[in-house]
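Everything below concerns the one structure shown next.
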Amino acid sequence: MTSQKPDRRQQVDAIRASTRSADRRRNFLIVGACLLVALAIIGGAAYGPIKARLEDGKWDKVALKDIGAPASACGKITTKPATGNQEHVDENTVLTIDDAPPAFGAHYPNWEGMERKLYTTDDRPPLGRLLHNLEHGYTILWYDETAAKNAEQMDQIRGLAKKNAGTDNLRLKFKAAPWTSEDGKAFPEGQHIALTHWSVGGVGDGSTGKQVGAWQYCSKVSGAALAEFMEKYPYMDSPEPGVV
């Protein structure tokens with residue numbers, strides 16, 4: 001008795017059916033992988049803004065003075081006579097910054113608006129513009145490279161920026177900006193935060209002879225120290241307080 005061989009057409013059809021089935025499985029796997037990648041990309045893009053909003057929101061019910069370390073983390077305020085009032089230089093001019101960080105000096109014709117409160121090393125404007133902000137009554141919190149690498153300190157600085165958000169109230173003339181080794185000499189040993197203000201020596205007194213730069217160095221971020229500093233040196237106590 002001889003065995004019957006399968007019809008060749010049946011063999012070809014079976015092979016084709018098997019191939020189509022394998023192709024469908026492969027296509028499903030490719031589509032599924034693409035969907036997973038797309039979801040990961042969308043999720044990653046959304047994560048940053050959502051995380052930032054959540055982090056900002058946690059400061060809503062926290063008073064400025066309660067953010068960070070107590071005021072004792074900061075030293076005494078020091079001052080020295082200021083120069084550079086209305087001394088504008090071209091934006092291409094390389095400025096000589098003697099202090100770390102500056103509280104006054106010759107500056108660029110342009111300045112930064114009130115909208116932005118916090119800068120990083122990636123987007124900080126030139127020092128010449130921030131010096132102009134000081135002339136307009138801003139208090140600037142400068143943080144060094146050590147603070148920039150400390151997630152907790154940066155979170156607290158974001159909190160201070162959040163509490164000073166807004167453009168309608170000129171008392172909120174505040175900015176936080178990095179100070180790097182490329183900008184000049186380091187802060188005093190052990191100090192990683194510096195507050196600066198360009199003062200005319202008293203509110204309503206525009207005498208250039210009384211103008212001083214004011215500094216306060218801190219080992220840690222201190223909302224309490226910032227609140228006291230901005231109360232002692234309000235925006236009105238500056239060479240050009242009315243300019244936003």
How far apart are the closest heavy atoms of [X] and [Y], and which atoms are they?
X: Gln156; Y: Val221; result: OE1-CB, 3.6 Å
X: Ala165; Y: Leu172; result: O-CD1, 3.1 Å
X: Ala214; Y: Ile77; result: CB-CG2, 4.3 Å
X: Leu95; Y: Gly128; result: CD1-CA, 3.5 Å
X: Trp198; Y: Asn85; result: CZ2-N, 3.6 Å
X: Trp142; Y: Pro101; result: CD1-CG, 3.2 Å

Item to check | Check ion pair Asp144-Lys149 (N to O, under 4.0 angstrom) | outcome: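 No.
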Checklist entry - Are Lys80 and Asp99 ion-paired here, with the side-chain N under 4.0 Å from a carboxylate O? => result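 Yes, charged N to carboxylate O under 4.0 Å.
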Checklist entry - Restricting to pairs with a member in residues 65-108, which pass disulfide (SG to SG under 2.5 Å), not counting sequence neighbours? => result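 For residues 65-108, and leaving out neighbouring residues, the disulfide (SG to SG under 2.5 Å) pairs sorted by first residue read Cys74-Cys218.
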Checklist entry - Is there any disulfide (SG to SG under 2.5 Å) pair reaching into residues 99-138, and which pairs are they, with sequence neighbours excluded? => result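 Residue pairs with at least one partner in residues 99-138: there are none.
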Does [Y] offer a backbone N or O that forms a donor-acceptor pair with the side chain of [X] under 3.5 Å?
X: Ser222; Y: Ala69; value: yes
X: His197; Y: Asp237; value: yes
X: Lys232; Y: Ala227; value: no
X: Asn164; Y: Ala161; value: no
X: Lys173; Y: Pro241; value: yes
X: Lys210; Y: Pro81; value: no
X: Lys175; Y: Leu118; value: no

Considering only heavy atoms from C-beta outward, does the side chain of [X] approach that of [Y] to under 4.5 Å?
X: Ile157; Y: Asp155; value: no
X: Leu130; Y: Arg124; value: yes
X: Phe104; Y: Gln211; value: no
X: Ile97; Y: Leu127; value: yes
X: Lys220; Y: Ile193; value: no
X: Ile67; Y: Leu226; value: no
X: Leu141; Y: Thr196; value: no

Working to the nearest 0.5 Å, report the span between [atom1] of [X] and [atom2] of [Y].
X: Trp59; Y: Leu160; atom1: CH2; atom2: CG; result: 8.0 Å
X: Ser238; Y: Tyr138; atom1: OG; atom2: OH; result: 10.5 Å
X: Thr139; Y: Gln216; atom1: OG1; atom2: CD; result: 10.5 Å
X: His192; Y: Ser219; atom1: NE2; atom2: OG; result: 7.5 Å
X: Glu240; Y: His132; atom1: CD; atom2: NE2; result: 5.5 Å
X: Ile140; Y: Leu195; atom1: CD1; atom2: CG; result: 10.5 Å

Next on the checklist: Surrounding CZ of Arg116 (heavy atoms of other residues, nucleotides or ligands, distance under 6.0 Å), is the total greater than 12?
Outcome noted: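 Enclosed: over 12 neighbouring heavy atoms sit under 6.0 Å from CZ of Arg116.
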Checklist entry - More than 12 foreign heavy atoms under 6.0 Å from CG of Asp168: is that the case here? => result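 12 or below, so no.
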Identify all side-chain donor-acceptor contacts of residues 106-114 below 3.5 Å with residues at least two apart in sequence or on another chain.
{"unit_1": "His107", "atom_1": "ND1", "unit_2": "Gly105", "atom_2": "O", "d": "2.8"}
{"unit_1": "His107", "atom_1": "NE2", "unit_2": "His88", "atom_2": "NE2", "d": "3.3"}
{"unit_1": "His107", "atom_1": "NE2", "unit_2": "Glu135", "atom_2": "OE1", "d": "2.8"}
{"unit_1": "Tyr108", "atom_1": "OH", "unit_2": "Glu91", "atom_2": "O", "d": "3.2"}
{"unit_1": "Tyr108", "atom_1": "OH", "unit_2": "Thr93", "atom_2": "O", "d": "2.6"}
{"unit_1": "Asn110", "atom_1": "ND2", "unit_2": "Glu91", "atom_2": "OE2", "d": "3.0"}
{"unit_1": "Glu112", "atom_1": "OE2", "unit_2": "Arg129", "atom_2": "NH1", "d": "3.2"}

Checklist entry - Is Val89 reachable from Leu131 through a run of I, L, V, M, F, W or Y residues, each pair having side-chain heavy atoms under 4.5 Å apart? => result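 Same hydrophobic cluster.
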Checklist entry - Can you hop from Val62 to Met154 via hydrophobic side chains spaced under 4.5 Å? => result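 Yes, one cluster joins them.
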Next on the checklist: As a quick check of understanding, evaluate side-chain contact (heavy atoms from CB on, under 4.5 Å) for Glu145 and Ser181, giving each step before the final call.
Outcome noted: CA-CA 8 Å; Glu145 292 167 331; Ser181 56; 3.4 Å; yes
Next on the checklist: For Tyr235 and Arg171: C-alpha separation, side-chain torsions, deciding distance, then whether side-chain contact (heavy atoms from CB on, under 4.5 Å) applies.
Outcome noted: CA-CA 6 Å; Tyr235 81 94; Arg171 292 182 181 276; 4.0 Å; yes
Item to check | Test of ring centre spacing under 6.0 Å for Phe187 and Tyr217 | outcome: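 Yes, the ring centres sit under 6.0 Å apart.
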Checklist entry - Hey, are Thr79 and Trp215 close enough side-chain-wise for a donor-acceptor pair under 3.5 Å? => result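 Side chains of Trp215 and Thr79: no pair found under 3.5 Å.
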Item to check | Verdict with supporting geometry, Lys185 and Asp98, salt bridge (charged side-chain N to carboxylate O under 4.0 Å, His left out) | outcome: CA-CA 8 Å; Lys185 59 186 180 181; Asp98 294 325; over 6 Å; no
